[in-house]
Structure formats: structure tokens, C-alpha cells
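Because only heavy atoms are used, hydrogens play no part in the values below, and waters and symmetry mates are left out as well, while side chains stay in. This chain uses plain numbering: 1 for the first residue, then up along the sequence.
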Amino acid sequence: MARRWTNDLTHTDVTPERVFLNRRQLIAGLGAGSIMAAAGRVRAQETLDPNDYEDITNYCNYYEFGTGKTDPAENAHMLTTEPWSVTIDGMVERPGEYALQDILDKMTIEERIYRFRCVEAWSMVVPWNGFELADLIQMAGVREGAKYVAFETVLRRDEMPGVKYPVLEWPYVEGLRLDEAMHPLTLMATGLYGKPLPNQNGAPLRLVVPWKYGFKSIKSIVRITLTDQEPPTSWNKANAREYGFYSNVNPEVDHPRWSQATERPLGGGLFSRRKPTLMFNGYDEVASLYDGMDLKANF
Ligand code: MTE
């Protein structure tokens with residue numbers, strides 16, 4: 001397969017793995033007492049009022065395993081990731097249930113070092129291993145008229161203790177426009193830091209879209225559906241005012257409750273200085289996908 005994209009970042013830019021793995025504890029050090037309080041309330045009441053979503057988004061991670069900062073690390077081992085298959089359906093030529101092993105046999109796994117910008121305004125540089133989503137979609141064949149791609153996370157009540165809490169609607173769902181999905185930057189990740197994906201980071205297969213905020217990276221994907229309708233996304237369903245369909249990194253469009261103009265890179269000291277956030281997280285090559293669109297309205 002011809003190389004369609006090359007890293008501009010190198011291993012010297014990478015956020016230390018230790019920082020990546022412990023970032024939730026580091027972020028907690030920023031004085032996020034209200035977040036822990038919110039997580040406690042979820043357990044106590046088992047229900048949520050809309051304001052609780054605001055606090056909880058600060059620990060976005062893998063809510064199927066719980067909303068506490070260490071829950072995914074403690075519970076995600078319960079997920080069986082082998083064997084795994086992905087159903088590809090909707091407006092495709094060859095719909096069906098594809099065994100992950102068969103997919104991997106056909107794909108070229110490469111390393112991509114990407115900037116990763118979370119909606120809470122911290123950032124990292126992460127080395128992912130994976131293949132281009134475009135190659136997987138092409139395997140199934142795009143049918144005339146398809147405009148969007150919908151994604152779904154596995155839902156296993158017996159393996160996912162967090163899904164008994166209605167913090168989000170389950171299963172977790174995400175979506176991209178077809179041209180976004182087909183862009184060579186859009187990665188299906190199978191590993192990070194040169195190792196297989198840990199369960200808490202979305203094993204065995206997760207999405208990485210480096211010009212969008214981190215919450216678009218849906219984990220443990222079991223279904224990919226091509227459609228002509230804009231698909232629903234979990235965070236938009238939970239709080240449409242704060243989370244739009246596009247979720248492009250954009251320093252000019254603030255989150256309703258905080259500025260998105262700057263970010264705090266994790267690593268290199270406990271917390272390095274804030275730096276300006278770049279449009280599309282610095283991935284200028286995707287700008288043409290949005291020519292003529294009002295990105296304040298389509299946030
Ligand atoms: N995917 C599923 N299925 N469930 C989740 O709760 N959280 C999202 C995203 N994907 C989430 C998910 C959010 S809010 C973020 S910030 C990223 O995963 C975090 O991924 P990471 O922990 O690997 O950085």
C-alpha cells in the first residue's frame with residue numbers, strides 16, 4: 001500500500017508513556033474536587049440530573065467501566081477481546097460480520113504519532129499503531145449515496161459494570177462524515193506506545209481522529225454502518241449544547257463553559273505552560289473538508 005501520510009512528529013515529541021497512563025491522576029491534581037463529588041453522586045443516586053454531565057466530562061475515559069478516575073483501569077480487564085468481530089453494514093457493497101483477525105491479516109499496521117487534544121484543554125502526543133479506516137471501509141465497499149459513517153461500541157452488561165448507570169445512553173455511539181472517515185489521517189488504532197491497546201484504551205479496535213477532540217475516539221468498536229443520515233453521537237445526545245457532531249479542535253469556538261484558545265500539554269514537568277491551540281489541532285490538511293461551512297454553527 002502506498003504511503004498516503006507521513007508523521008511530522010517524532011519520538012522525541014511523544015508524551016512519556018507514564019504520563020499518558022497516569023494522566024487522570026495528574027489532572028485530578030488540578031483541583032477537580034467537584035468531579036469526584038459528581039462521580040460519588042452517580043454511585044449514590046444511580047441517576048443523574050443534567051448538571052452532573054458537566055462535572056463528569058472532565059473524566060471522560062471509558063464510562064462503560066465506571067466514571068471514577070480509576071474505574072476503567074480496575075474494571076476493563078473484564079472485557080473479553082478475543083475473538084472479536086466487526087459488523088459492517090448499511091450502505092456498503094459487502095455487508096457482514098468481519099472477523100478482526102481476517103481484517104488485520106489484510107491491513108498494514110503502522111505507527112502514527114499524533115497530537116491528541118482533549119475537550120478539557122489538555123493535550124498530549126501519542127504514538128498509535130493502527131491502519132487507515134479508509135482501507136476497512138473500502139474492504140466493505142461504499143455504496144452510492146452513503147454520506148456518513150456510524151460507529152458503535154460493544155455493550156456487554158456482564159463485563160461492563162458502568163453500564164448499569166445511565167450516565168450516557170448505551171451502547172456508546174459516534175459518527176463521522178464519510179469524507180472525514182476516508183481521510184488518510186483517520187486511524188483505526190490497535191495499539192499505543194508500541195504495545196497492543198490496553199482494554200481501558202479501547203481494545204481491540206478504536207477510532208482516532210487527530211483533528212477532533214478526544215471524545216470522538218470511540219472504543220472497542222463492534223459495528224460500523226454507512227448511512228445517508230447524520231448519525232447520533234453519545235455526547236451530543238447527553239448534552240447537545242456542549243457537544244456537536246463535528247467536534248473539530250477549534251481555538252475560535254469556545255466550549256460553553258471555558259475557552260478553547262489554549263491548551264496544557266501534559267508531560268515535560270508536572271504541567272508545562274499553556275500554549276495556543278491550533279486550528280484542527282494543527283492538521284491543516286483537513287481544512288478543505290470544511291470549505292464554506294460555518295464552524296461556529298457546526299461545532
Ligand atoms: N468510548 C467509549 N465506548 N466509551 C467512553 O466512555 N470516552 C471517550 C472516548 N471514547 C469513551 C469512549 C472520551 S470522553 C475520551 S476523552 C476518550 O475516549 C479517551 O480515550 P483514552 O482514555 O484512550 O485517552
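- The shortest distance between side-chain heavy atoms of Leu226 and Leu178 falls below 4.5 Å.
- Counting only heavy atoms from C-beta outward, the side chains of Val249 and Met279 never approach each other to under 4.5 Å.
- Residues passing the side chain to side chain contact (heavy atoms under 4.5 Å, CB included) test with Val163, sequence neighbours excluded: Glu64, Leu155, Arg157, Met160, Trp170.
- The backbone N or O of Thr153 sits nowhere less than 3.5 Å from a side-chain atom of Ser220 that would complete a donor-acceptor pair.
- Taking Glu17 as the reference, Lys195 meet the salt bridge (charged side-chain N to carboxylate O under 4.0 Å, His left out) condition, with sequence neighbours excluded.
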For Thr12 and Thr10, run side-chain hydrogen bond (donor to acceptor under 3.5 Å, both in side chains): C-alpha distance rounded to whole Å, both residues' side-chain angles, the deciding distance at 0.1 Å, then the answer. CA-CA 5 Å; Thr12 58; Thr10 69; 2.8 Å; yes
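- Looking at heavy atoms from C-beta onward, Glu132 lies in side-chain contact with Glu110 at the 4.5 angstrom threshold.
- Nearest approach of Ser234 to Pro171, heavy atoms of both residues: OG-O, 4.2 Å.
- Taking 4.0 Å as the cut-off between side-chain N and carboxylate O, Lys219 and Glu174 do not count as a salt-bridged pair.
- Side-chain contact between Trp211 and Leu289 is present, with heavy atoms from C-beta onward closer than 4.5 Å.
- Scanning both residues, Ile221 and Val86, for their nearest heavy atoms gives O-CG2, 3.8 Å.
- Exactly one residue among Gln260, Glu242, Arg241 makes a side-chain hydrogen bond (donor to acceptor under 3.5 Å, both in side chains) with His255. That residue is Glu242.
- Tyr283 meets the ring-ring contact (aromatic ring centres under 6.0 Å, His included) test with Tyr114; sequence neighbours excluded.
- At a threshold of 4.5 Å between non-hydrogen side-chain atoms, the residues Tyr246 and Met293 count as touching.
- Side-chain N or O atoms of Asp254 include none that pairs as donor or acceptor with a backbone N or O of Ser259 at under 3.5 Å.
- Between atom CD1 of residue Ile137 and atom CG of residue Leu176 there is a gap of 8.0 Å, rounded to the nearest 0.5 Å.
- Hydrophobic clustering places Val208 together with Leu104 (ILVMFWY residues linked when any side-chain heavy atoms are closer than 4.5 Å, directly or through intermediates).
- In this structure, the side chains of Asn75 and Tyr62 stay at 4.5 Å or more apart for every pair of heavy atoms.
- Residues passing the salt bridge (charged side-chain N to carboxylate O under 4.0 Å, His left out) test with Arg117 are Glu263, sequence neighbours excluded.
- Nearest approach of Met78 to Asp158, heavy atoms of both residues: CE-O, 4.2 Å.
- Rounded to the nearest 0.5 angstrom, Ser85 OG and Leu100 CG are separated by 8.5 Å.
- Taking all atoms of both residues into account, the shortest heavy-atom contact from Thr81 to Ala203 is CG2-O, 3.8 Å.
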For Phe20 and Tyr193, run ring pair (Phe, Tyr, Trp, His ring centres under 6.0 Å): C-alpha distance rounded to whole Å, both residues' side-chain angles, the deciding distance at 0.1 Å, then the answer. CA-CA 10 Å; Phe20 176 86; Tyr193 289 90; 5.5 Å; yes
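- Applying the ring-ring contact (aromatic ring centres under 6.0 Å, His included) rule to Phe151 yields no partners; only residues at least two apart in sequence or on another chain are considered.
- Without hydrogens or angle criteria, Trp84 side chain to Leu205 main chain gives no donor-acceptor distance under 3.5 Å.
- Shown here are the ring-ring contact (aromatic ring centres under 6.0 Å, His included) partners of Phe245, two or more places apart in sequence or in another chain: Tyr148.
- Checking side-chain atoms of Lys164 against main-chain N and O of Pro161 turns up a donor-acceptor pair under 3.5 Å.
- Checked by atom type and distance alone, the side chain of Asn7 pairs as donor or acceptor with a backbone atom of Glu111 at under 3.5 Å.
- Residue pairs meeting the salt bridge (Lys or Arg N to Asp or Glu O under 4.0 Å) criterion with at least one member in residues 75-98, sequence neighbours excluded: Asp89-Arg223.
- For Lys296, the salt bridge (charged side-chain N to carboxylate O under 4.0 Å, His left out) test picks out no residue, with sequence neighbours left out.
- Less than 6.0 angstrom separates the ring centroid of Trp235 from the ring centroid of Tyr63.
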Show which side-chain atoms of residues 180-190 pair as donor or acceptor with protein atoms under 3.5 Å away, not counting sequence neighbours.
unit_1: Glu180; atom_1: OE1; unit_2: Arg177; atom_2: N; d: 2.9
unit_1: Glu180; atom_1: OE2; unit_2: Lys212; atom_2: NZ; d: 2.8
unit_1: Glu180; atom_1: OE2; unit_2: Tyr290; atom_2: OH; d: 2.4
unit_1: His183; atom_1: ND1; unit_2: Leu185; atom_2: N; d: 3.0
unit_1: Thr186; atom_1: OG1; unit_2: Glu180; atom_2: O; d: 2.8
unit_1: Thr190; atom_1: OG1; unit_2: Asn129; atom_2: O; d: 3.4

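- Between Asp228 and Met91, the closest heavy-atom pair is N-SD, 3.6 Å.
- Side chain of Thr262 to backbone of Lys275: no donor-acceptor contact under 3.5 angstrom is found.
- Take Pro198 and apply the side chain to side chain contact (heavy atoms under 4.5 Å, CB included) test, not counting sequence neighbours, and it matches Leu192, Gln200, Asn201.
- Side-chain contact between Val149 and Thr225 is absent, with no heavy atoms from C-beta onward closer than 4.5 Å.
- At a threshold of 4.5 Å between non-hydrogen side-chain atoms, the residues Ile218 and Arg206 do not count as touching.
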Show, in sequence, the C-alpha distance, side-chain angles and deciding distance for Glu159 and His77, and conclude whether the side-chain hydrogen bond (donor to acceptor under 3.5 Å, both in side chains) test is met. CA-CA 9 Å; Glu159 295 185 356; His77 71 269; over 6 Å; no
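- You'll find the ring centres of Phe215 and Tyr243 inside the 6.0 Å limit.
- Across all their heavy atoms, Pro231 and Gly175 have their closest contact at CG-CA, 3.9 Å.
- Remark: Ser288 engages no residue in a side-chain hydrogen bond (donor to acceptor under 3.5 Å, both in side chains) (not counting sequence neighbours).
- A search for salt bridge (charged side-chain N to carboxylate O under 4.0 Å, His left out) contacts involving Glu252 returns nothing, not counting sequence neighbours.
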